[in-house]
Amino acid sequence: EADIYQTPRYLVIGTGKKITLECSQTMGHDKMYWYQQDPGMELHLIHYSYGVNSTEKGDLSSESTVSRIRTEHFPLTLESARPSHTSQYLCASSELWTGAYEQYFGPGTRLTVT
Amino acid sequence: AQRVTQPEKLLSVFKGAPVELKCNYSYSGSPELFWYVQYSRQRLQLLLRHISRESIKGFTADLNKGETSFHLKKPFAQEEDSAMYYCALAPTSGTYKYIFGTGTRLKVLA
């Protein structure tokens, strides 16, 4: 079944550690996105990708980096985690990029940096 | 600046009462507008988009360009409607990235 997956679902990690949040989709979509969402707040786009080897920074400045080596895989990496990175991270994908296009969301990763 | 505003963080209504979740936007052109919903322990998903002019789970939303609003309405709320609702805008020129509102939590009381 076509879906979008995120692992881990929950992560508690110490300051200074390097972490990678995984996102994979079997939807066959070219467009993928990473959002950051603090509790009770709006979703902020931090990275997006049009396709393989294409990545762009979003509207919210983030110390994270992403890569897109395979269509279905869009991992997000934090080289040195800090408490300010504590948040929920949502991965999404879409078939289209313009018009009334729908974004499909993964279940999210809740990150806590101690 | 492009912005989506949802003025209510929390809206509580009784079962069977009408519901209206407010959404106002700031955009110079004619954007695409959406409502997304997140039920407890489920992922964020599309509820409806204005271009479809459809009713999903009894919800409708009308785009009012004069008031730059896209309020979500349902005549009779059900307990299963309790969820987090996000209004979103997709520009139709330049960058096409979504802009989300802060969300409104709807609680339908028995």
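Treat the numbers as computed from the prediction; the structure is a model and nothing was measured. Throughout, protein chains are lettered first and strands after them, A, B, ... in sequence-line order, and every chain is numbered starting at 1.
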[X] versus chain B, the contacting section by heavy-atom distance below 4.5 Å:
{"X": "Tyr35(A)", "result": "side chain"}
{"X": "Gln103(A)", "result": "both"}
{"X": "Leu43(A)", "result": "both"}

Inset, instruction - Test Tyr36(B) against Glu102(A) for side-chain contact (heavy atoms from CB on, under 4.5 Å), laying out the working first. - result: CA-CA 10 Å; Tyr36(B) 278 75; Glu102(A) 178 177 354; 4.0 Å; yes
Step through the shown structure and confirm whether more than 12 heavy atoms of other residues, nucleotides or ligands are within 6.0 Å of [atom1] on [X].
{"X": "Lys17(A)", "atom1": "NZ", "value": "no"}
{"X": "Glu80(B)", "atom1": "CD", "value": "yes"}
{"X": "Phe76(B)", "atom1": "CZ", "value": "no"}
{"X": "Ile69(A)", "atom1": "CD1", "value": "no"}
{"X": "Gln45(B)", "atom1": "CD", "value": "yes"}

Inset, instruction - Dump the intermediate steps for side-chain contact (heavy atoms from CB on, under 4.5 Å) on Ile4(A) and Arg43(B), then the final yes or no. - result: CA-CA 10 Å; Ile4(A) 181 164; Arg43(B) 62 185 69 184; 3.4 Å; yes
Inset, instruction - Give the minimum heavy-atom separation between Tyr86(B) and Gln37(A), together with the two atoms involved. - result: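 Closest pair (atom of Tyr86(B), atom of Gln37(A), distance): OH-NE2, 2.5 Å.
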Legend entry - Co-membership, hydrophobic cluster, residues Leu45(A) and Leu76(A), 4.5 Å side-chain: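 Each belongs to a different hydrophobic cluster.
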Inset, instruction - Would you please classify the geometry between the Tyr101(A) ring and the Phe34(B) ring as parallel, tilted or perpendicular, with 30° and 60° separating the classes? - result: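 Phe34(B) vs Tyr101(A) ring planes: perpendicular.
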